[in-house]
Amino acid sequence: MQNQTYNPASVEAKWQRVWAEQGAFRAEASHSKPKFYGLIEFPYPSGAGLHVGHPRSNTAMDIIARKRRRQGYNVLYPIGWDAFGLPTENYAIKNHVHPRAVTQENIARFRSQLEALGFSFDWSRQVDTTDPAYYKWTQWIFLRMFEKGLAYKAEMPVNWCVSCKCGLANEEVVDGVCERCGGEVVRRVKSQWMLRITDYAQKLLDGLDTVDFIDKVKLQQRNWIGRSEGAEVDFALEGSPETIRVYTTRPDTLFGATYMVLSPEHPLVDGLAGRIQNADEVAAYRVAASRKSDFERTELAKDKTGVPLAGIRAINPATGAPIPVWISDYVLVTYGTGAIMAVPAHDTRDWAFAKKFGLPIVEVVAGGDVQAAAYTDVADGVLVNSGFLDGLRVAEAKARMTGWLAEKGLGQRKVNYKLRDWVFSRQRYWGEPIPLVRCEHCGWVAVPEDQLPVELPDVARYEPTDSGESPLAAMTDWVRAACPKCGGPAQRETDTMPQWAGSSWYFLRYADPHNPDMLAALRELQYWLPVDWYNGGMEHTTLHLLYSRFWHRFLYDIGAVPCPEPYRKRTSHGMILGANGEKMSKSRGNVINPDDIVAELGADAFRLYEMFMGAFDQPIPWSTQGARGCRRFLDRVWRLADMLQPADGLSPALAPAIHAAIKKVSEDYERMKFNTAIAAMMSLVNDFYAAGSITKGDLAALLHLLNPVAPHITEELWQSLGLGRPLYAQPWPAWDEAALARDTVEIAVQIGGKVRGRIQVPADMTAEQAAAELPGHPRVLELLGGKPIRKLIFVPGRLLNLVV
RNA sequence: GCGGGCGUGGCGGAAUGGCAGACGCGCCAGACUUAGGAUCUGGUGCCGCAAGGCGUAUGAGUUCAAGUCUCUUCGCCCGCACCA
């Protein structure tokens with residue numbers, strides 16, 4: 001047996017070489033076996049290199065993938081690069097190099113870092129979103145959406161990041177600032193490409209019922225889509241043919257609508273211009289509102305502001321009473337109809353507004369004190385002051401009023417979503433060109449498929465411009481094009497796609513990564529899809545995860561993919577925090593570089609620690625001391641060889657513990673309870689040392705279980721046992737329930753629920769036997785001290801509780 | 001404000017309603033050592049010499065039995081946020 005000390009550096013390099021030479025982790029081309037497709041979010045190859053967060057997800061899925069291979073599955077565990085993006089572009093600008101060169105360097109570094117950690121990726125399938133052979137298909141998908149009317153250009157107030165000089169999607173604005181750089185975000189009206197994700201709101205919602213995502217993810221997506229049911233109602237204007245249409249979720253409260261509010265941007269304000277008596281005041285308010293960023297309008301301005309439209313009155317269709325019309329920026333032009341009926345008695349915002357401006361508050365649902373606060377309870381309320389609704393409960397009144405409105409032609413049932421269309425243009429260089437040209441005669445025309453990809457041209461300057469135009473706009477030769485339809489003069493679109501484009505379908509490309517003719521052959525997609533298990537960060541729930549579900553569902557609708565949902569199962573890992581419990585960041589000085597840990601302790605110890613440090617789905621502070629403990633464990637495993645007996649089978653004394661460990665570890669891996677799986681293996685090793693000597697069979701069992709977490713050291717020890725083919729190619733061990741059984745167990749004896757002692761009883765003792773035999777047990781008699789037993793509770797294998 | 005989650009030793013954390021603190025870190029003592037940031041042995045929730053008592057944020061409740069279920073209060077985290 002080997003007696004050298006454990007040297008991870010040489011062991012790990014050796015096995016990484018062997019795996020590469022043997023093509024150990026290549027997905028098999030044959031479709032004969034059952035498949036398993038495990039996915040982790042492909043990294044953005046930043047200049048900072050890998051951080052300790054990446055391996056947490058990668059190791060977890062690596063464990064699953066390695067176990068699945070050994071369970072006989074054909075496993076696809078791929079990796080690639082989400083390589084377009086602003087940081088690379090900004091770095092390139094600063095250092096006067098081409099973003100492509102920066103990207104290549106970063107990818108090379110990331111790849112070597114990932115390889116050093118021994119992940120069982122199929123490197124032959126790696127994809128790179130910046131590769132024209134890849135983004136050809138990103139452009140192709142965009143054109144299909146364009147054809148179907150899902151991509152459209154619109155003048156939109158967009159979220160403009162002042163520092164990136166670029167428009168952002170709603171999802172990219174976090175706490176009112178740019179998600180990426182933290183810069184100020186203002187509203188700016190720009191002509192933008194949009195994707196009609198709102199057309200898919202219901203499908204995206206319904207699809208959630210068919211997939212196995214953790215509840216938190218489903219809930220967050222549901223909230224983000226934000227479905228609500230209510231009614232649209234038309235309010236007539238006094239002395240005018242115009243009407244104001246509103247959306248409300250509370251049609252039952254129509255009798256309590258005492259005024260109306262339009263958003264400042266509502267078109268009707270222009271339409272009524274001639275009749276508004278305080279036009280100057282209204283105009284001033286609109287200008288002031290337009291200057292506010294969304295941040296100011298929402299976060300900072302809970303205090304209501306507004307101006308009445310003097311001379312304008314609407315008619316409440318339920319009461320027939322004239323009511324005033326106001327404009328206020330608490331009503332958003334982007335939601336519903338951009339106008340509301342205000343029911344101050346039963347809506348907190350309307351209530352605050354009415355109190356501030358002295359508008360009438362009329363109670364229509366009994367149960368609160370509406371002069372003191374809005375009463376919003378819909379469960380118990382009963383309608384009052386509401387004509388034909390009086391006496392009805394809220395739910396019933398809603399239905400009755402909706403029916404009444406439909407009957408009178410005043411409104412109808414309506415479903416609304418908070419989800420908004422996806423702003424898809426970016427005014428930057430390092431992204432996929434949008435494959436459209438604008439012809440003076442034909443308008444926007446798709447670049448024909450045989451001319452894809454529209455490649456990103458080399459430009460002299462990448463700097464974003466203050467005018468809000470992409471740097472590509474300065475490339476006049478490139479911009480000039482012939483219209484594919486009429487041959488006339490045309491100009492290319494110079495905006496590029498957002499980073500989310502390439503990542504919205506990358507998992508499809510892995511199924512058939514080198515296909516020159518289509519995004520992936522249907523035959524391959526039919527075999528590999530859907531992704532069986534996708535692990536990633538919670539921060540992508542309403543961005544990448546939602547976007548990619550949208551794209552996938554669209555591709556399903558046009559017949560390009562075989563299943564409606566891309567991911568069968570979605571789990572999420574917790575973030576690794578700095579040792580001080582704060583988020584790791586350069587500015588906080590608490591960043592851990594995985595390279596340093598691998599150099600000191602080895603990749604296996606690093607992997608082991610990342611899986612052991614705490615519950616997988618919880619955020620957790622880093623502790624290098626804890627990582628050293630994991631290295632100590634591996635040292636102990638290595639030294640087990642010193643007490644090895646040549647026998648093959650399991651030691652009789654250790655067999656029950658080994659079978660229990662096989663069961664525990666096998667089950668815990670599946671539930672991503674990696675920390676307790678590892679604790680069980682540590683306990684087993686403690687048992688081994690306590691036993692004094694172990695057989696080859698004992699050690700082999702441990703190596704089987706530990707292999708997915710610490711693949712290098714286990715292969716090395718396995719080889720030293722001389723048990724044949726490498727461990728990665730060995731079947732996953734089974735446990736024998738019968739072997740778990742022990743003859744006797746120690747159970748607790750409780751008196752009145754408090755533990756007073758322990759006794760040995762046969763493991764298979766039933767409640768009847770216990771009731772018959774245990775009251776006479778000497779230790780039980782002693783604990784009872786002569787008191788009579790009133791009640792006896794026996795939990796097999798666990799405890800005896802005596803009530804006295 | 002709305003929605004979700006969580007409060008367990010010095011620390012990370014275990015615990016199908018059934019022996020709270022597994023496993024690890026740290027710490028204490030000892031052994032082996034020229035040496036120890038190596039290794040091994042023992043100890044380590046709190047109070048107490050002990051017997052014993054007290055302990056899972058808080059207060060109540062259900063139960064033979066509650067960290068776990070129900071309600072209260074306090075605190076923390078995450079998501080959304082004037083979405084009518």
Side-chain angles (χ1 to χ4, degrees), chain A residues 5 174-176 215-224 226-228 230 246-250 253 257 260-261 263 294 297-299 301-305 328-332 334-343 346-350 352-353 376 416-420 538-539 541-542 574-575 579 581 608-609 612-615 617-630 632-633 635-636 639 673 675-686 689 746-758 790-804:
Chain A
T5 52
V174 174
D175 293 336
D215 291 342
K216 219 169 140 185
V217 167
K218 285 193 184 186
L219 191 70
Q220 247 182 63
Q221 288 207 348
R222 284 199 184 103
N223 289 343
W224 189 260
R227 181 191 155 103
S228 69
V246 302
Y247 171 70
T248 178
T249 55
R250 296 292 305 275
T253 61
M260 302 190 77
V261 187
S263 77
D294 274 348
R297 252 177 93 150
T298 59
E299 305 285 319
K302 298 284 187 190
D303 197 29
K304 300 282 184 289
T305 61
S328 170
D329 62 8
Y330 87 90
V331 175
L332 308 175
T334 47
Y335 183 77
T337 62
I340 61 158
M341 65 177 210
V343 185
H346 305 291
D347 180 281
T348 51
R349 297 150 302 178
D350 297 344
F353 192 85
T376 56
N416 253 321
Y417 303 91
K418 290 186 197 173
L419 187 69
R420 300 190 209 163
M538 277 309 293
E539 70 276 17
T541 302
T542 54
M575 199 189 309
L608 190 70
Y609 175 60
F612 180 64
M613 60 197 301
D617 59 352
Q618 295 301 118
I620 206 92
W622 177 268
S623 158
T624 300
Q625 225 17 270
R628 293 198 180 106
C630 287
R632 263 200 294 270
F633 169 67
D635 286 328
R636 272 163 72 76
R639 288 195 311 268
K673 296 248 177 194
N675 54 336
T676 49
I678 292 164
M681 292 186 277
M682 289 172 166
S683 283
L684 187 63
V685 169
N686 290 344
Y689 274 98
E746 187 182 73
I747 64 166
V749 180
Q750 297 183 335
I751 307 291
K754 285 201 181 289
V755 178
R756 295 298 174 191
R758 297 159 215 291
R790 283 231 321 257
K791 189 168 178 184
L792 180 148
I793 295 121
F794 179 74
V795 183
R798 291 199 176 269
L799 59 73
L800 172 73
N801 186 15
L802 302 169
V803 186
V804 296

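Just so we're clear, the structure is a prediction, and the values are computed from it rather than from any experiment. Residue numbers begin at 1 in each chain, while the letters A, B, ... track the order of the sequences.
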Exercise. Paired stems touching RNA chain B, three or more consecutive Watson-Crick or G-U pairs with both distances under 3.5 Å?
Worked result: B:1-7 with B:74-80, B:10-12 with B:23-25, B:26-31 with B:39-44, B:45-47 with B:52-54, B:59-61 with B:69-71
Exercise. Nearest to the side chain of A/D329 - B/C82, B/A15, B/G4?
Worked result: B/C82
Problem set entry | Pairwise C1' distance, B/U56 and B/G21 [rounded to whole Å] | 9 Å
For this session: Tell me, please, which residues at least two apart from A/R632 pass side-chain hydrogen bond (donor to acceptor under 3.5 Å, both in side chains).
Result: none
Seminar exercise, completed: Heavy-atom nearest pair, A/I793 first then A/V803, reads CD1-CG2, 4.4 Å
Problem set entry | Counterpart residues, side-chain hydrogen bond (donor to acceptor under 3.5 Å, both in side chains), relative to A/Q750 (two or more places apart) | none
Exercise. Taking protein heavy atoms under 4.0 Å as touching, what does nucleotides 6-13 of chain B look like 5' to 3' if B marks base contact, S marks sugar-phosphate-only contact and - marks none?
Worked result: ------BS
Problem set entry | Rounded interatomic separation in angstrom, taking CZ from A/F633 and P from B/C25 | 11 Å
For this session: Tell me what A/D215 touches on the nucleic acid: a base, only sugar-phosphate, or nothing, going by heavy atoms under 4.0 Å.
Result: nothing
For this session: Remember a base hit wins even if backbone is also touched, and classify A/T249 as base, sugar-phosphate or nothing at under 4.0 Å, heavy atoms.
Result: sugar-phosphate
Exercise. Heavy atoms under 4.0 Å, any strand shown: does A/T541 hit a base, just sugar-phosphate, or nothing?
Worked result: nothing
For this session: Check side chain to side chain contact (heavy atoms under 4.5 Å, CB included) between A/D635 and all other residues, then give those that pass, not counting sequence neighbours.
Result: A/Y6, A/R631, A/R639
For this session: Would you please name every residue forming a side-chain hydrogen bond (donor to acceptor under 3.5 Å, both in side chains) with A/N686, sequence neighbours left out?
Result: A/R636
Using a cutoff of under 3.5 Å, can you pull out all pairs of nitrogen or oxygen atoms linking the protein to nucleotides 27-33 of chain B, with atom names and distances?
none

Exercise. Touch check for A/L219, heavy atoms < 4.0 angstrom, all strands: base, sugar-phosphate only, or nothing?
Worked result: sugar-phosphate
Problem set entry | Non-neighbouring partners of A/Y247 that pass side-chain hydrogen bond (donor to acceptor under 3.5 Å, both in side chains), sequence neighbours left out | A/S228
For this session: Look at A/T676 and B/A15 and indicate whether a side-chain polar atom (N or O) is within less than 4.0 Å of OP1 or OP2.
Result: no
Exercise. When you compare B/U8 with B/G53, how far apart are their P atoms, in angstrom units rounded to a whole number?
Worked result: 26 Å
Problem set entry | Cation over ring face, A/K304 and A/Y330, 6.0 Å, 45° | yes
For this session: Please state the C1' separation for the pair B/G75 and B/A38 - nearest whole angstrom.
Result: 44 Å
For this session: Could you tell me whether A/G336 contacts a base, only the sugar-phosphate backbone, or nothing, with contacts defined as non-hydrogen atoms closer than 4.0 Å?
Result: nothing
Problem set entry | Residue list, ring-ring contact (aromatic ring centres under 6.0 Å, His included) with A/F633, at least two apart or on another chain | none
Set out, line by line, the N/O atom pairs under 3.5 Å between protein and nucleotides 38-42 of chain B.
unit_1 : atom_1 : unit_2 : atom_2 : d
B/U39  : O3'    : A/R639 : NH2    : 3.0
B/C40  : OP1    : A/R636 : NH1    : 3.0
B/C40  : OP1    : A/R639 : NH2    : 3.1

For this session: Pick the P atom in B/A66 and in B/C28, then give their distance to the nearest Å.
Result: 38 Å
Exercise. If you take atom types as modelled and just measure distance, does the side chain of A/K304 reach the base of B/C82 with a donor-acceptor pair under 3.5 Å?
Worked result: yes
Problem set entry | Separation of the P atoms in B/G42 and B/C23, to the nearest angstrom | 12 Å
Exercise. C1' atom, B/U58 versus B/C6: distance in rounded Å?
Worked result: 15 Å
Exercise. What interatomic distance, in whole Å, is found between P of B/A20 and the corresponding atom of B/A57?
Worked result: 16 Å
Exercise. Side chain of A/A679: nearest nucleotide among B/A22, B/A84, B/A20?
Worked result: B/A22
Short N/O separations, protein against nucleotides 61-66 of chain B, under 3.5 angstrom:
unit_1 : atom_1 : unit_2 : atom_2 : d
B/C64  : O2'    : A/N801 : ND2    : 3.3
B/C64  : O2     : A/N801 : ND2    : 2.5

For this session: Rounded to whole angstrom, note down the P distance from B/U44 over to B/G10.
Result: 15 Å
Exercise. Side-chain N or O of A/Y335 less than 4.0 angstrom from OP1 or OP2 on B/A84?
Worked result: yes
Problem set entry | Anti or syn - B/G21, cut at 90° from 0 | anti
For this session: Return the set of residues passing side chain to side chain contact (heavy atoms under 4.5 Å, CB included) with A/K418 (not counting sequence neighbours), or none when no residue passes.
Result: A/Y335
Problem set entry | Non-hydrogen atoms of A/A579 and A/P621 that approach each other most closely | O-CB, 4.3 Å
Exercise. Which atom pair, heavy atoms only, marks the closest approach of A/M341 to A/T253?
Worked result: CE-OG1, 3.7 Å
Exercise. A/R756 near the nucleic acid: base, sugar-phosphate alone, or nothing, with a heavy-atom cut-off under 4.0 Å?
Worked result: sugar-phosphate
Exercise. Within the structure, does a side-chain N or O atom of A/Q220 lie under 4.0 Å from either OP1 or OP2 of B/G79?
Worked result: no
Exercise. What nucleic acid atoms does A/K216 come within less than 4.0 Å of, heavy atoms only: base, sugar-phosphate, or nothing?
Worked result: nothing
For this session: Would you mind classifying the nucleic acid contact of A/V755 as base, sugar-phosphate or nothing, using non-hydrogen atoms under 4.0 angstrom?
Result: sugar-phosphate
